[in-house]
Amino acid sequence: MKVVSLVYISLSGNTESFVRRLSDYLLEQYQDVQVETIHIKDLVKEEQEFYEMATPYITFLPTYLEGGNGVDNGDVEILTTPVRDFIAYGDNASKCLGVVGSGNRNFNNQYCLTAKQYSQRFGFPVLADFEMRGMLGDIKKVAEIIADLYEL
């Protein structure tokens with residue numbers, strides 16, 4: 001049985017909804033798969049120490065920024081920094097297969113900007129993006145990417 005690990009943070013519930021629906025879809029579509037979800041917010045809330053991932057994983061990251069326009073006058077990541085710290089912990093960055101960004105297209109250039117910044121900082125690809133809670137088409141697209149990466 002293959003284990004698919006999904007690491008995420010959700011503050012408004014949108015990313016959590018997407019990850020939950022994606023997990024259900026993967027379990028329905030692929031045999032011999034187990035989905036492990038790790039909500040970084042729970043680790044922080046329970047004051048658990050970060051740990052090194054034993055297996056490859058995919059990160060799901062919403063965008064919360066403060067200040068600037070994200071293009072020519074800066075931006076400051078807020079609320080999602082524990083994900084950055086988790087990825088930077090130990091050897092976790094090398095085990096991340098990529099990031100799926102989410103956001104609101106109304107923010108133009110800042111749409112999924114945090115995922116793009118993590119991709120540059122840690123050297124893994126942006127695999128996909130979705131707006132708000134995502135649609136069924138987004139779930140199917142990300143599931144297909146995961147199936148290819150994990151050879152399901």
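A quick note: this is a predicted structure, and the numbers were derived from the prediction, not measured.
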Engineer: Sub-3.5 Å donor-acceptor pair from the side chain of Asn92 to the main-chain atoms of Tyr51, do we have one?
Structural biologist: yes
Engineer: side-chain contact (heavy atoms from CB on, under 4.5 Å) for Tyr8 and Val100? Distances and angles first, verdict last.
Structural biologist: CA-CA 9 Å; Tyr8 71 100; Val100 176; over 6 Å; no
Engineer: Side chains of Met53 and Val7, heavy atoms from C-beta outward: is any pair under 4.5 Å?
Structural biologist: yes
Engineer: List the steps and the verdict of side-chain contact (heavy atoms from CB on, under 4.5 Å) for Thr55 and Lys95.
Structural biologist: CA-CA 7 Å; Thr55 59; Lys95 292 186 178 106; over 6 Å; no
Engineer: Nearest 0.5 angstrom please: Leu61 CG to Tyr118 OH, how far?
Structural biologist: 5.0 Å
Engineer: Can you check whether Leu152's main-chain N or O pairs, donor with acceptor, with Lys2's side chain at less than 3.5 Å?
Structural biologist: no
Engineer: Among residues at least two apart in sequence or on other chains, which ones pass side-chain contact (heavy atoms from CB on, under 4.5 Å) with Val126?
Structural biologist: Val99, Lys116, Ser119
Engineer: Give every residue pair that meets the salt bridge (Lys or Arg N to Asp or Glu O under 4.0 Å) criterion with at least one member in residues 132-146, sequence neighbours excluded.
Structural biologist: none
Engineer: Hey, any chance Phe18 and Met135 share a hydrophobic cluster, counting ILVMFWY side chains that come within less than 4.5 Å of each other, even indirectly?
Structural biologist: no
Engineer: Of the non-hydrogen atoms in Cys112 and Gly103, which two are nearest, and what is the gap between them?
Structural biologist: SG-N, 4.1 Å
Engineer: So, do Val142 and Tyr25 sit near enough that their side-chain heavy atoms are less than 4.5 Å apart?
Structural biologist: no
Engineer: Side-chain polar contacts of residues 29-43 - donor-acceptor pairs under 3.5 angstrom, sequence neighbours left out - could you list them?
Structural biologist:
from: Glu36; atom 1: OE1; to: Ser5; atom 2: OG; distance (Å): 2.6
from: His39; atom 1: ND1; to: Lys41; atom 2: N; distance (Å): 3.1

Engineer: At their closest point, which heavy atom of Ser102 faces which heavy atom of Pro62, and how far apart are they?
Structural biologist: OG-CA, 3.2 Å
Engineer: Can you get from Ile58 to Val83 by hopping between Ile, Leu, Val, Met, Phe, Trp and Tyr side chains that sit under 4.5 Å apart?
Structural biologist: no
Engineer: Going hydrophobic residue to hydrophobic residue with side-chain gaps under 4.5 angstrom, can you get from Met132 over to Ile139?
Structural biologist: no
Engineer: Would you call the rings of Tyr57 and Phe86 parallel, tilted or perpendicular if under 30° counts as parallel and over 60° as perpendicular?
Structural biologist: perpendicular
Engineer: Go through Leu149 and Leu127 one step at a time and tell me if the side-chain contact (heavy atoms from CB on, under 4.5 Å) criterion holds.
Structural biologist: CA-CA 10 Å; Leu149 288 171; Leu127 300 171; 3.8 Å; yes
Engineer: If you measure from OG on Ser94 to CD1 on Ile87, what distance do you get to the nearest 0.5 Å?
Structural biologist: 11.5 Å
Engineer: With no hydrogens and no angle check, is any side-chain donor or acceptor of Tyr89 less than 3.5 Å from a backbone partner on Glu49?
Structural biologist: no
Engineer: Parallel, tilted or perpendicular: which describes the rings of Phe122 and Phe124, with under 30° parallel and over 60° perpendicular?
Structural biologist: parallel
Engineer: Are Val19 and Phe130 joined in one hydrophobic group, where the rule is that I, L, V, M, F, W and Y side chains link up if heavy atoms are under 4.5 Å apart?
Structural biologist: yes
Engineer: Output, in order, the C-alpha distance, side-chain angles, deciding distance and verdict of side-chain contact (heavy atoms from CB on, under 4.5 Å) for Ile146 and Leu6.
Structural biologist: CA-CA 10 Å; Ile146 289 171; Leu6 310 177; 4.0 Å; yes
